[in-house]
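Following: one structure in structure tokens, then a few remarks.
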Amino acid sequence: MAILDFERPIVELEEKLGGLRRYAEQEGVDLSDKIARLERELERLREEVFSKLTPWQRVQLARHPDRPYALDYINRMTIDFLELHGDRYFGDDPAVVGGLAKLGERSVVVIGQQKGRGTKENIRRRFGMPNPEGYRKAMRLMKLGAKFGLPVISLVDTPGAYPGIEAEERGQAEAIARNLYGMAMLPTPIVVVIIGEGGSGGALGMGVGDRVLMMENAWYSVIAPESCSSILWRSHEKKEEAAEALKLTAQDLLKLGIVDRVVPEPLGGAHRDPEGAARTLKEVLVEELDALVDVPPEELVRRRREKFYRMGVWEE
Amino acid sequence: MKWFERMKKGIRTLTKRELPEDLWVKCEGCGEILYRRELETSLWVCPKCGYHFRIGHKEYINILLDAGSFEEMYAELTSADPLKFKDSKRYTDRVREARRRTGTNSALRTGAGSIEGHPVAFGVMDFGFIGGSMGSAVGEKFVRLVDRAVSDGRPLVVVASSGGARMQEGALSLMQMAKTSAKLTELSEARLPYICVLTHPTTGGVTASFAMLGDVLIAEPGALIGFAGPRVIKQALGLEELPEGFQRAESLLEHGFLDMVVDRRELKKVLAKLLEHFT
């Protein structure tokens, strides 16, 4: 398991506690006082570290290599998932997955940006950076949902759209724009969840919904903090400051009215307990869909558009 | 050439402008030295090689709209600083500087006008205003312009030019992509045409939203149009050079992402003909 700098003291204490427990068991000695003390200390340390995460630390958690990805959530939250492939124009993009699944009692269309676990899979899935085919596949599946009255769940997790030569030649910008337009008028409920990274237009291309939820340690912004640092500060060293300035955390975006609801993660982040994270998200999604499925499609679309029209802060 | 350099120094003004104030201008395309007055007459297109100089909002209003027809709307609308953003400079200072330099309050000017007698709702972006970047002010003005087009039953014509979404407003800028694109569904429902003219350069969040959603997409020759900028692509792929003509208007036309590439000197005529067909 990969360990982030600020996780290290916690992990070390956990290891110490584990060792002590094993020792007590093997030797049959009573160390319960000592163990209880360490447990309290561990609890306190976890609270201390995770109650005041900096925005940059959250970015690191959002990118944690053990963090649950779209398929990890789909497999844990749904049953009978059938993956559907291809955009029907050019190809099938492994950076975007999607298909039909049952969430609770309800059939849904679920789409997601999919990172790879390990180098080989990551190369195949382009680290979750979609090509135009990915956005077009997502749109095709969303339209399928609308046609058969199935709600759409979109799991966003990408550093950004893939900046490749072929991606540009096949209309990366057009594919994203077309999705923004299409999602704004899709006559079925759409619930978006930013599960990890919400990198710019590449994320938003699957991010227009009636409800936009965000996992507690996800980030979502117009640009990644490193790129922002190199453009505005002309230095790669200011990523922490950029992360701060961009207001990219779930709590910040809730305040700005961009995100409707923050989904709590298990203490220590979703990677410490993927089962728990998926269980919480499933409950939340069922509740969100319950509230949306009976709204007439025209009303749903009207409200969805109004919600995005309200976004922004200006002076006049 | 000594006399020429002296002359340049003699007339240099202090304010930084998009277009050179000098009497003589060197073409960035072919290197030809051109007389400024002549260049103005040819709408800032090099008469020798056809190179399109970058021009600003005032020039496009003069070139495309019938004389005196532009009636500006929402001109007072400008950027706030919702994130209290400060990098090497304060965002409020950047905005103030841009307002002073361009003589306008945001990167998008909006209003009503006519093109060879055809009434239109008209928007023009200015790359000189923080790289023509789209923040909340641009998004809101675009939305109001579409509302106006719908309520007046006018076609929408927008001249785009932008480096993308504005970083200093964070995710609020990003959301303007969704806001503007969503609004265009209402223009479609009203069956009003939307023509977008993409000029050099149009990249990032503007291309990936309203600029690519026109019923008809026109670009000026040689305009750079794309999602990721060339520098980002080179860096990501570890390339020294990108293919010849990559992300240029002509290449997009070839790949099927534009309807036409039109010389600036023909642009008004082409727009008028299109509007004629639609109305």
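Throughout, protein chains are lettered first and strands after them, A, B, ... in sequence-line order, and every chain is numbered starting at 1.
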Worksheet entry | Residue part contacting chain B, namely of Leu246(A), when any heavy atom lies under 4.5 Å | both
Worksheet item: Are more than 12 heavy atoms from other residues, nucleotides or ligands located less than 6.0 Å from atom CD of Gln235(B)?
Response: no
Response to the item:
On a heavy-atom basis, the closest approach of Leu174(B) and Gly201(A) is CD1-N, 3.4 Å
Worksheet item: Which bit of Leu242(B) comes within less than 4.5 Å of chain A, counting heavy atoms only: side chain, backbone, both or neither?
Response: side chain
Worksheet item: Side-chain contact, heavy-atom cut-off 4.5 Å: Leu83(B) with Leu256(A)?
Response: yes
Worksheet item: Above 12 or not: heavy atoms from other molecules or residues under 6.0 Å from CD of Glu306(A)?
Response: yes
Worksheet item: Do you know which two heavy atoms are closest between Ser221(A) and Ala171(B), and how far apart they sit?
Response: OG-N, 3.8 Å
Worksheet entry | Under 3.5 Å donor-acceptor, Ser136(B) side chain and Val313(A) backbone | yes
Fill in: chain A contact via Lys89(B) - side chain, backbone, both or neither, heavy atoms under 4.5 Å
neither
Item to complete: Would you sort out whether Leu180(A) and Thr180(B) count as a side-chain contact (heavy atoms from CB on, under 4.5 Å), showing the intermediate values?
Response: CA-CA 9 Å; Leu180(A) 301 180; Thr180(B) 54; over 6 Å; no
Worksheet item: So, do Glu186(B) and Tyr309(A) sit near enough that their side-chain heavy atoms are less than 4.5 Å apart?
Response: yes
Item to complete: Can you establish whether the number of heavy atoms outside Arg90(B) located under 6.0 Å from its atom CZ is more than 12?
Response: no
Worksheet item: Hey, what do you get for CD (Glu174(A)) to CD1 (Ile225(B)), rounding to the nearest 0.5 Å?
Response: 13.0 Å
Worksheet, complete the sentence: So, the part of Leu232(A) with a heavy atom under 4.5 Å from chain B: the answer is both
Practice prompt. For each of Glu76(B), Arg166(B), Met175(B), tally heavy-atom pairs with chain A at distances under 4.5 Å, and name the one with the top tally.
Written response: Met175(B)
Discussion item. Strictly below 4.0 Å, N to O, side chains only: are Glu316(A) and Arg144(B) in salt-bridge contact?
Written reply: yes
Item to complete: Determine the option with the most heavy-atom pairs under 4.5 angstrom with chain B, choosing from Cys228(A), Ser200(A), Ser235(A).
Response: Ser200(A)
Discussion item. I need the Met183(A) CE to Ser181(B) OG distance, nearest 0.5 Å.
Written reply: 12.0 Å
Discussion item. A quick test of your reading: do over 12 heavy atoms of other residues, nucleotides or ligands sit less than 6.0 Å from NZ of Lys143(A)?
Written reply: no
Worksheet, complete the sentence: Applying a strict 4.5 Å limit to non-hydrogen atoms, the region of Arg170(A) in contact with chain B is backbone
Practice prompt. Mind checking the NZ-CD spacing from Lys86(B) to Glu241(A)? Nearest 0.5 Å is all I need.
Written response: 9.0 Å
Worksheet item: Is there a side-chain contact between Glu168(A) and Ile233(B), using heavy atoms and a 4.5 Å cut-off?
Response: yes
Discussion item. Do Tyr181(A) and Ser209(B) pair up side chain to side chain, a donor and an acceptor below 3.5 Å, judged on atom types alone?
Written reply: no
Worksheet, complete the sentence: Most contact-rich option vs chain A, by heavy-atom pairs under 4.5 angstrom, among Pro82(B), Ala75(B), Gly229(B), is Pro82(B)
Discussion item. When you compare the side chain of Phe85(B) with that of Lys247(A), does any pair of heavy atoms fall below 4.5 Å?
Written reply: no
Discussion item. So which atom in Gly164(A) and which in Leu237(B) form the shortest heavy-atom distance, rounded to 0.1 Å?
Written reply: CA-CD1, 4.2 Å
Worksheet item: Rounded to the nearest 0.5 Å, how far does CE of Met167(B) lie from OG of Ser229(A)?
Response: 11.0 Å
Fill in: Interface moiety of Leu217(B) toward chain A, non-hydrogen atoms closer than 4.5 Å
neither
Worksheet item: chain A: which of Gly139(B), Ala228(B), Ser88(B) shares the most heavy-atom pairs with it under 4.5 Å?
Response: Ala228(B)
Worksheet item: Has Glu237(A) got more than 12 heavy atoms of other residues, nucleotides or ligands less than 6.0 Å from its CD?
Response: no
Fill in: Distance, nearest 0.5 Å, that separates CZ of Phe227(B) from CD1 of Ile176(A)
4.0 Å
Item to complete: Against chain B, work out which of Tyr162(A), Phe308(A), Tyr220(A), Trp233(A) has the most heavy-atom pairs shorter than 4.5 Å and name it.
Response: Trp233(A)
Worksheet entry | Test item: Lys238(A) and Asp87(B) side chains (from C-beta on) under 4.5 Å apart, heavy atoms | no
Worksheet, complete the sentence: Taking every heavy atom of Met212(B) against every heavy atom of Arg178(A), the minimum-distance pair comes out as O-NH2, 3.7 Å
Worksheet item: Does any heavy atom of chain A fall under 4.5 Å from the side chain of Ala178(B), the backbone, both, or neither of them?
Response: both
Worksheet item: Non-hydrogen atoms of chain A under 4.5 Å away: do they reach the side chain of Ser79(B), the backbone, both or neither?
Response: backbone
Worksheet item: Taking atom CD of Glu166(A) and atom NE2 of His255(B), what is their separation to the nearest 0.5 Å?
Response: 9.0 Å
Item to complete: Heavy atoms only, distances under 4.5 angstrom: which of Asn179(A), Leu248(A), Ile231(A), Val301(A) has the most pairs with chain B? Name it, please.
Response: Ile231(A)
Worksheet item: Charged N to carboxylate O under 4.0 angstrom, Arg305(A) versus Glu189(B)?
Response: yes
Item to complete: Determine the minimum heavy-atom distance between Pro163(A) and Val232(B), stating which atoms define it.
Response: CB-CG1, 4.2 Å
